[in-house]
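For reference, the structure is listed below as structure tokens.
First the proteins, then the strands, lettered A, B, ... as listed; each starts at 1.
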2 protein chains.
Amino acid sequence: MEDEVDRLVAAWRRERPDLDVEPLEVLSRVSRLARHLDRARRIAFAEHQLEPWEFDVLTALRRAGTPYQLSPGQLLTQTLVTSGTMTNRIDRLAKKGLVERLPDPSDRRGVLVRLTDTGRDRADESLAGLLAQERAILGELSRAQRAELAGLLRQLTAPFDNIPG
Amino acid sequence: MEDEVDRLVAAWRRERPDLDVEPLEVLSRVSRLARHLDRARRIAFAEHQLEPWEFDVLTALRRAGTPYQLSPGQLLTQTLVTSGTMTNRIDRLAKKGLVERLPDPSDRRGVLVRLTDTGRDRADESLAGLLAQERAILGELSRAQRAELAGLLRQLTAPFDNIPG
DNA sequence: CTCAAGTATCTTGACATCGAGAGAAATTGG
DNA sequence: CCAATTTCTCTCGATGTCAAGATACTTGAG
């Protein structure tokens, strides 16, 4: 089955036969697939009255385990946004009653963001929904193919995640 | 080499051992990698005084071949943005002298967006820069692995690209 | 021990961009 | 010739980044 990137690559080969555009076969697919996933996630989360960014923050806290709290700084590295954005997100989640801010007892500069009980339930419900949707998208692939794909992608993400930057 | 998604999956297995979170191994890596790529692209394009969104539009026109023109509607499907966004982008590109709007001779509702000579040069230069960067990122993988990865990703993108939605 | 300089953490405010939805203009088909 | 559709534009609210600021911690010379 052909996809939009096949057409894109074919067009480049016609217009710029002097260039080797093979890298696009991988990385353009990654970017485009990510945009499709964003849209699909947005729809899936709407059932739980959550925006994708809310899900990202709530589940980061949920994964931290009891007592479900992290500093804004820790949330930054997990969600790949800037500090100004995170302040804003915490404000809005706090206003909805899904998280609360607590002073960090060991560092008065710091803040701890803690999941409320409602926030915890919301995170759990919407994770289940997300997994169901993702399983449908991955239905195209066998279990072995999924493992293969995960391994190859890890080789690309690891440098970004480990070398700071 | 471990990446952030390995840590994320391990955390879920600890917190929610009742759920099968295997889908995240693939799709969370896709989303995170895409964000890293966005940042890297932004830096690469800055050398050519281009934003990523400008690159997307200019290269779509460049790929169309002589006379380098497409309707806004055609640009929508290639760049995965909404019509209001595209109007805005065309405005800004036109103001910078990289594209121009022409009336569609066969449909007076319609518009054709055409690349200027400057725009064409800018697209060509920045494509070369992007490919160099992407080759560096893919350096981790052998040619065979890149082909394998491209094939697996195609299976995931094809349904989105072919079934409208 | 003390204090100044440097570093870390979070917040704020200015600015840019995006998406959703309504609206205007032209075309199509019965 | 009219209703439905297509195509593009416009406006508005929401969100993101960046740079600067406020506060607190840390380090090291004297």
Practice task
Check whether more than 12 heavy atoms from other residues, nucleotides or ligands sit under 6.0 Å from atom CZ of A:Arg42, and answer yes or no.
Solution key: no

Side-chain donor-acceptor pairs of residues 132-139 of chain A under 3.5 Å, sequence neighbours excluded:
from     : atom 1 : to      : atom 2 : distance (Å)
A:Gln133 : NE2    : A:Ala40 : O      : 2.9
A:Arg135 : NH2    : B:Asp20 : O      : 2.7

Problem - A:Arg63/B:Glu15 ion pair, N-O < 4.0 Å - result: no

Problem - N/O donor-acceptor pair under 3.5 Å between A:Gln74 side chain and A:Ser71 backbone - result: yes

Handout entry: Separation of atom CG in B:Leu80 from atom P in C:dC18, rounded to whole Å
Key = 13 Å

Problem - Nucleic acid contacts - residues 83-104 of chain A versus DNA chain C, non-hydrogen atoms under 4.0 Å - result: A:Ser83, A:Gly84, A:Thr87, A:Arg101

Completion exercise
Comparing B:Ser106 with A:Arg35, nearest DNA chain C nucleotide closer to 5' gives the residue A:Arg35

Fill in the blank from the handout: In whole angstroms, the gap separating C1' of D:dT17 from CG of A:Leu76 amounts to 13 Å

Problem - Set of residues satisfying side-chain contact (heavy atoms from CB on, under 4.5 Å) with respect to A:Gln145, sequence neighbours excluded - result: A:Leu141, A:Ser142, B:Leu152, B:Gln155

Handout entry: B:Asp6 bridged to B:Arg29 by N-O distance under 4.0 Å
Key = yes

Handout entry: Nucleotide C:dA8, atom P - distance to CG of A:Asp107 in whole Å
Key = 12 Å

Problem - Separation of atom CD in B:Gln74 from atom C1' in D:dC8, rounded to whole Å - result: 14 Å

Problem - A:Ser31 side chain vs A:Ser28 backbone, donor-acceptor pair below 3.5 Å - result: no

Practice task
With sequence neighbours left out, write down each residue that passes side-chain contact (heavy atoms from CB on, under 4.5 Å) with A:Ala34, or none if nothing qualifies.
Solution key: B:Val30, B:Ala34

Practice task
Taking only Lys NZ, Arg NE, NH1 and NH2, and the carboxylate oxygens of Asp or Glu, determine whether A:Arg101 and A:Asp91 approach each other closer than 4.0 Å.
Solution key: yes

Handout entry: Closest to the A:Thr82 side chain, choosing from D:dC25, D:dT17, D:dC8
Key = D:dT17

Short N/O separations, protein against nucleotides 2-5 of chain D, under 3.5 angstrom:
none

Handout entry: Main-chain N/O of B:Val57 paired with B:Thr79 side-chain donor or acceptor, under 3.5 Å
Key = no

Practice task
Mind running a 4.0 Å heavy-atom check of residues 40-62 of chain A against DNA chain D and sending the residues that fall below it, in number order?
Solution key: A:Trp53

Problem - Carboxylate-amine/guanidinium proximity below 4.0 Å for A:Asp117 and A:Arg122 - result: no

